[in-house]
Amino acid sequence: MPADKPLKVIYNKLLSHFGRQHWWPARTPFEVIVGAILTQNTNWSNVEKAINNLKTAVNPADRDKSIGLLTPEKLYRCKLSDLAVLIKPAGYFNIKAGRLKNFMDWFFENYDGDLERLFNKNISSLREELLSVRGIGPETADSIVLYAAEKPSFVVDAYTYRIMFRHRLIPEEITYDELKAFFEESLQSDVKLFNEYHALLVRLGKTYCKKTKPQCTICPLGDLPHD
DNA sequence: TGCCAGGCCGGGT
DNA sequence: ACCCGGCATGGC
C-alpha cells in the first residue's frame with residue numbers, strides 16, 4: 001500500500017485538529033461573489049460590516065424602497081458613490097466599489113444578471129470569463145467558482161503559499177497557477193474537499209502562520225519540516 | 001502603536 | 001515578463 005500523498009496527510013491533520021469550517025460564510029451564491037471581491041487583502045470581520053451595510057441599506061434609486069442591496073438587480077442599480085460609502089468598512093472602498101460595478105455591468109451585459117446562466121458553463125471557461133473582469137484576479141475567480149458556482153477549482157491565497165513554503169513543500173518562487181495545479185493534481189477533484197481544504201488552510205494561517213511570526217512550534221503540522 | 005488582513009491593477013523597467 | 005507603489009479600514 002502506497003502512503004497517502006503529503007497534501008492528503010496535511011488535510012487529515014487539519015480536519016481532525018480544527019474540524020469542519022462550514023465555508024463560505026454567506027447566505028447566497030451572490031453574497032459569496034460580493035464577499036469575494038470585498039475580502040481582497042482584507043480581514044473578514046471588516047467585510048462583514050460592509051456586507052451588513054449592504055443588507056440593511058435602501059437604494060435611493062429604487063422606487064419600492066425595499067431593504068437590502070444583496071441581489072443582482074439591486075446592486076446593479078446602485079450608484080457607484082452610494083456603494084462606496086456603504087462598503088467603507090471593508091477598506092479600499094473606492095477601488096472595490098469600482099470592482100463590484102465592473103462585475104455587475106459585465107454580469108448584466110452578458111448574462112442578464114442571471115447566475116444560473118453564468119454558472120451553466122464548464123469550469124475552465126467560467127474561470128477565464130471571470131478573470132476577464134477588471135478587479136477579479138485568480139483568487140477571487142477561484143473563490144467564486146468553488147464557493148458560489150460549486151465547481152472544483154482549488155483556491156490559493158497568501159496563507160496557502162506561506163504555509164506550504166514554511167513547511168518546505170514548495171519553492172519560494174512558485175506561481176499561483178503552479179501552486180493551484182500542485183493541489184489539484186494531488187487531490188481528488190471534489191468540491192467538498194476543495195472547499196474544506198482552503199477553509200482549513202485559512203484557519204491554520206490565522207491561528208498559527210501569520211506573516212510576522214516565522215517560528216511556529218505549536219502548529220498542528222509540527223511534525224513536518226518547518227522553518 | 002505599528003503592523004496586518006482570505007488581492008489586484010497599472011505604470012515603469 | 002517581472003517589479004513595485006497604491007489602495008484604506010478596523011483589530012490586536
Side-chain angles (χ1 to χ4, degrees), chain A residues 10-11 14 18 20-27 29 31-54 57 80-106 127-150 153-166 170-180 183 191 193-216:
Chain A
I10 290 173
Y11 175 77
L14 291 175
F18 290 115
R20 297 194 184 282
Q21 302 301 301
H22 308 290
W23 269 35
W24 182 286
R27 198 175 48 75
E31 200 176 311
V32 173
I33 296 174
V34 173
I37 291 172
L38 292 181
T39 199
Q40 290 169 357
N41 200 39
T42 299
N43 192 307
W44 181 255
S45 70
N46 282 18
V47 176
E48 280 187 317
K49 301 178 204 305
I51 296 263
N52 231 23
N53 287 348
L54 293 175
L80 184 65
S81 53
D82 293 334
L83 199 49
V85 172
L86 289 169
I87 66 170
K88 203 164 201 172
Y92 305 140
F93 51 88
N94 288 312
I95 295 284
K96 286 174 179 175
R99 288 177 182 177
L100 283 172
K101 261 281 174 255
N102 283 345
F103 173 78
M104 297 312 300
D105 289 346
W106 171 85
R127 183 173 193 270
E128 287 312 304
E129 288 199 31
L130 289 170
L131 284 173
S132 76
V133 179
R134 195 116 107 103
I136 296 185
E139 187 192 336
T140 308
D142 286 328
S143 296
I144 292 169
V145 174
L146 181 62
Y147 292 105
E150 300 187 88
S153 191
F154 199 90
V155 179
V156 170
D157 71 339
Y159 286 130
T160 313
Y161 174 82
R162 191 183 307 146
I163 291 164
M164 299 297 287
F165 177 64
R166 287 187 183 172
I170 56 169
E172 186 167 25
E173 63 280 4
I174 196 170
T175 66
Y176 184 99
D177 287 339
E178 288 168 346
L179 185 48
K180 173 185 173 65
F183 277 89
V191 172
L193 175 61
F194 288 5
N195 174 321
E196 197 61 48
Y197 207 149
H198 175 66
L200 284 165
L201 285 171
V202 171
R203 177 68 183 278
L204 173 66
K206 286 181 177 172
T207 316
Y208 296 117
C209 199
K210 291 180 168 287
K211 193 182 281 187
T212 53
K213 197 167 90 169
Q215 295 294 92
C216 174

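Note that this is a predicted model, so its numbers are computed, not measured. Letters A, B, ... mirror the listed sequences (proteins, then strands); counts begin at 1.
Remark: A/R162 pairs with no residue by the side chain to side chain donor-acceptor pair (under 3.5 Å) rule, at least two apart or across chains. A/V191 is linked by a side-chain contact (heavy atoms from CB on, under 4.5 Å) to A/L146, A/E150, A/P152, counting only residues two or more places apart in sequence or in another chain. Listed by chain and residue number, A/Y92 satisfy the side-chain contact (heavy atoms from CB on, under 4.5 Å) test with A/N41 (two or more places apart in sequence, or in another chain). For the side-chain contact (heavy atoms from CB on, under 4.5 Å) test, residues two or more places apart in sequence or in another chain that qualify with A/N102 are A/V133, A/R134. By the side chain to side chain donor-acceptor pair (under 3.5 Å) test, A/S81 pairs with no residue at all, sequence neighbours left out. Shown here are the side-chain contact (heavy atoms from CB on, under 4.5 Å) partners of A/T207, two or more places apart in sequence or in another chain: A/F18, A/R203. Residues satisfying the salt bridge (charged side-chain N to carboxylate O under 4.0 Å, His left out) criterion with A/E31, sequence neighbours excluded, are A/K55. In this view, A/F194 and A/F154 satisfy the ring pair (Phe, Tyr, Trp, His ring centres under 6.0 Å) rule, not counting sequence neighbours.
Between the side chains of A/N43 and A/S45, at least one donor N or O sits under 3.5 Å from an acceptor N or O.
Going from the P atom of B/dC3 to that of C/dG5 covers 15 Å, rounded to whole Å.
Within the nucleic acid shown, A/A158 comes within 4.0 Å of sugar-phosphate atoms alone, with no base atom in reach, counting heavy atoms only. If you check every strand for non-hydrogen atoms under 4.0 Å, A/I37 touches nothing.
Put simply, NZ on A/K211 is 11 Å from C1' on B/dG7, counting in whole angstrom units. Residue A/Y161 contributes atom OH, which lies 14 Å from atom P of B/dG7 at whole-angstrom precision. Taking atom CD of A/E178 as the reference point, atom P of C/dC2 lies 10 Å away to the nearest angstrom. In this structure, CD of A/Q40 is placed 13 Å from C1' of B/dA5, rounded to the nearest angstrom. Atoms CG (A/L38) and C1' (B/dC8) sit 14 Å apart, rounded to a whole Å. With rounding to whole Å, A/W44 atom CH2 is found 12 Å from B/dG7 atom P. Remark: P of B/dG7 and CG of A/D177 are 16 Å apart, rounded to the nearest angstrom.
Between A/F103 and A/W106, the ring-plane angle classifies as tilted under the 30° and 60° cut-offs.
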Under 3.5 Å, N/O pairs linking protein and nucleotides 7-10 of chain C:
unit_1	atom_1	unit_2	atom_2	d
C/dA8	OP1	A/F93	N	3.4
C/dA8	OP1	A/N94	N	2.8
C/dA8	OP1	A/I95	N	3.1
C/dA8	O4'	A/Y92	N	2.8
C/dA8	N6	A/Y92	OH	2.1
C/dA8	N1	A/Y92	OH	3.2
C/dT9	O2	A/N46	ND2	2.9
C/dG10	O4'	A/N46	OD1	3.1
C/dG10	O4'	A/N46	ND2	3.0

Pairs: protein N or O with nucleotides 11-13 of chain B N or O, under 3.5 Å:
none

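Remark on DNA chain B: of its neighbouring residues A/I136 and A/D157, the 5'-side contact belongs to A/D157, judged by nearest-heavy-atom nucleotide.
In terms of phosphate contacts, A/T140 brings a side-chain nitrogen or oxygen within less than 4.0 Å of OP1 or OP2 of B/dC8. For A/R162, a side-chain nitrogen or oxygen approaches OP1 or OP2 of B/dA5 to under 4.0 Å.
Screening residues 88-97 of chain A for salt bridge (Lys or Arg N to Asp or Glu O under 4.0 Å), with sequence neighbours left out, gives no hits.
In DNA chain B, stems built from 3 or more consecutive Watson-Crick or G-U wobble pairs, each with both distances under 3.5 Å, span B:2-5 with C:9-12, B:7-13 with C:1-7.
A salt bridge does not link A/K206 with A/D157: none of the charged nitrogens is closer than 4.0 Å to a carboxylate oxygen.
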